[in-house]
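These notes concern the structure reproduced below.
In what follows, every heavy atom counts, from backbone to side chain, and hydrogens, waters and symmetry copies are set aside. Order of the sequence lines sets the chain letters (A, B, ...), proteins ahead of strands, with each chain counted from 1.
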Protein chains: 2
Amino acid sequence: MDNQDIRKAGLKVTLPRIKILGLLENNSQRHVSAEDVYKMLLDNGEEIGLATVYRVLTQFETAGLVTRHNFEGGHAVFELDRGGHHDHMVCVVCGKVEEFIDTTIEKRQREIAKEHGFEMVDHSLIIYGHCGNPKCKVGY
Amino acid sequence: MDNQDIRKAGLKVTLPRIKILGLLENNSQRHVSAEDVYKMLLDNGEEIGLATVYRVLTQFETAGLVTRHNFEGGHAVFELDRGGHHDHMVCVVCGKVEEFIDTTIEKRQREIAKEHGFEMVDHSLIIYGHCGNPKCKVGY
DNA sequence: CTTGCAATGAAAAAGATTCTCATCATCATT
DNA sequence: AATGATGATGAGAATCTTTTTCATTGCAAG
Ligand SMILES: [Mn+2]
Ligand SMILES: [Mn+2]
Ligand SMILES: [Zn+2]
Ligand SMILES: [Zn+2]
């Protein structure tokens with residue numbers, strides 16, 4: 001995942017794009033909003049415009065470099081596309097995100113789509129719950 | 001599903017609430033946005049404020065009368081809660097929504113959540129694809 | 001009927017994302 | 001390396017969805 005990926009996407013290799021891709025690669029939390037990316041870069045002393053962050057993330061999505069998720073909360077989160085598809089589990093208390101993939105579910109989805117005459121192109125499966133952290137348990 | 005349901009939810013039985021509940025019951029499309037509800041009521045010659053529609057839909061959700069979905073597109077859609085849980089399939093071309101429920105997937109979800117130490121409280125599964133309509137097929 | 005308190009609606013505010021447009025940077029070509 | 005065409009940037013305005021404010025209205029308990 002480097003500048004060549006930007007070039008291959010038909011995009012010019014610019015400083016903002018390098019910075020954003022670098023942050024997505026090195027940041028500890030894999031799932032970040034546009035606002036997150038913007039603030040983190042500013043905190044790192046980098047200069048960038050918020051409009052550019054939104055634009056570049058959308059371009060990266062179109063290019064297949066990142067994936068956009070619509071978790072609850074009204075704002076999109078992005079993550080670097082590291083090959084394999086996976087689904088998500090989100091803690092409704094602390095927001096922790098776990099990733100998982102289940103072949104049984106994946107297969108059934110394709111079957112169900114076909115049964116309804118749909119040609120599946122994508123899907124979104126998000127499990128909401130209380131994570132293992134005691135502070136996130138019901139009735140803490 | 002009548003005025004008693006509103007009362008049972010601890011809400012006063014007001015005209016706006018009766019109108020919104022009535023529309024959700026009788027409207028042909030089950031999945032509607034707040035804006036949809038607002039415009040449809042206005043079209044029917046009913047008087048109502050947009051803020052009230054948002055407020056009431058959220059109250060109905062809290063009361064378990066309606067369910068909110070975050071499909072792609074940046075705005076929430078609501079549907080009257082008619083007993084059974086189900087998941088959704090959305091046509092990426094025409095927006096048609098099909099409902100389905102699959103016990104295999106439902107069971108696997110609970111298992112997976114547990115495997116990850118999560119106590120599942122909810123989930124969202126949306127399959128995106130091209131529906132059976134020829135005009136929605138790839139390469140029309 | 002009275003009356004308290006919840007509910008309404010218009011308008012303002014907030015939050016997320018996109019658009020506009022003048023300026024600037026990249027990169028293929030000289 | 002210099003040039004130039006074209007794409008990219010960023011500040012701010014605009015847009016879109018949703019929430020909040022607050023003066024006014026209307027349920028519903030007594
Ligand atoms: Mn992920
Ligand atoms: Mn439904
Ligand atoms: Zn948690
Ligand atoms: Zn369709």
Side-chain angles (χ1 to χ4, degrees), chain A residues 2-23 31-63 65-78 95, chain B residues 2-23 31-63 65-78 95:
Chain A
D2 63 344
N3 298 351
Q4 296 315 312
D5 293 299
I6 297 175
R7 212 180 301 269
K8 268 185 244 166
L11 301 168
K12 285 187 179 175
V13 178
T14 64
L15 227 41
R17 288 181 179 142
I18 294 171
K19 288 175 185 171
I20 293 172
L21 192 56
L23 186 140
H31 308 86
V32 290
S33 68
E35 189 79 30
D36 290 338
V37 170
Y38 175 63
K39 288 204 175 122
M40 285 167 166
L41 286 176
L42 288 192
D43 286 353
N44 291 10
E46 308 282 4
E47 247 175 63
I48 198 160
L50 181 55
T52 301
V53 173
Y54 274 102
R55 247 184 326 235
V56 169
L57 285 174
T58 300
Q59 292 161 341
F60 281 1
E61 182 194 16
T62 302
L65 293 177
V66 312
T67 303
R68 179 197 305 255
H69 303 292
N70 296 293
F71 294 171
E72 284 180 348
H75 62 283
V77 300
F78 300 81
Chain B
D2 63 344
N3 298 352
Q4 298 315 312
D5 293 298
I6 297 176
R7 213 179 303 270
K8 268 184 243 166
L11 301 169
K12 287 189 178 175
V13 179
T14 64
L15 226 43
R17 288 182 179 141
I18 294 171
K19 288 175 186 170
I20 292 172
L21 192 56
L23 186 139
H31 307 87
V32 291
S33 68
E35 188 80 29
D36 289 339
V37 171
Y38 176 63
K39 289 205 174 121
M40 286 167 165
L41 286 176
L42 288 192
D43 287 353
N44 291 10
E46 308 282 4
E47 247 175 63
I48 199 160
L50 180 56
T52 302
V53 173
Y54 274 104
R55 248 185 323 238
V56 170
L57 285 173
T58 300
Q59 293 161 341
F60 281 0
E61 183 194 15
T62 302
L65 293 177
V66 311
T67 303
R68 178 196 304 255
H69 303 292
N70 296 293
F71 294 170
E72 284 181 347
H75 62 285
V77 300
F78 300 81

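At whole-Å resolution of the value, CG in Leu42(B) and P in dA10(C) are 10 Å apart. In this entry the distance linking CD of Glu72(B) with C1' of dT17(C) reads 15 Å, nearest Å. dG15(C) atom P lies 16 Å from atom OH of Tyr38(A), rounded to whole Å. Rounded to whole angstrom, the span from the CG atom of Leu15(B) across to the C1' atom of dA7(C) amounts to 12 Å. If you measure from atom NZ of Lys12(A) to atom P of dT6(D), you get 10 Å, rounded to the nearest angstrom. As rounded to whole Å, 16 Å separates atom P of dT17(C) from atom CD of Gln59(A). Atom CG of Leu57(A) is separated from atom C1' of dA8(D) by 15 Å (rounded to the nearest Å).
Among the heavy atoms of the strands, none lies under 4.0 Å from Ala34(A). Within 4.0 Å (heavy atoms only), Ile48(B) reaches sugar-phosphate atoms of the nucleic acid but no base atom.
The residue among Phe78(A) and Val13(A) whose nearest nucleotide of DNA chain C is located toward the 5' end is Phe78(A).
Using a 4.0 Å cut-off, some side-chain N or O of Arg17(B) falls inside it from OP1 or OP2 of dA7(C). In this structure, Tyr54(B) reaches the dT18(D) phosphate: one of its side-chain N or O atoms is under 4.0 Å from OP1 or OP2. Regarding contacts with the backbone of dT9(D), a side-chain N or O of Thr14(A) is found under 4.0 angstrom from either OP1 or OP2. A close approach under 4.0 Å does occur between a side-chain nitrogen or oxygen of Arg7(B) and OP1 or OP2 of dA28(D).
For Thr52(B), the side-chain atoms get nearest to dG9(C) when compared with the rest of dA28(D), dC27(C), dG9(C). Of the candidate nucleotides dT8(C), dT19(D), dC19(C), dT8(C) has the atom lying nearest to any side-chain atom of Arg55(B).
Here the side chain of Arg17(A) pairs a donor or acceptor atom with the backbone of Lys12(A) at under 3.5 angstrom.
The only member of Asp36(A), Thr58(A), Ile20(A), Leu23(A) that meets side chain to side chain contact (heavy atoms under 4.5 Å, CB included) when paired with Val53(A) is Ile20(A).
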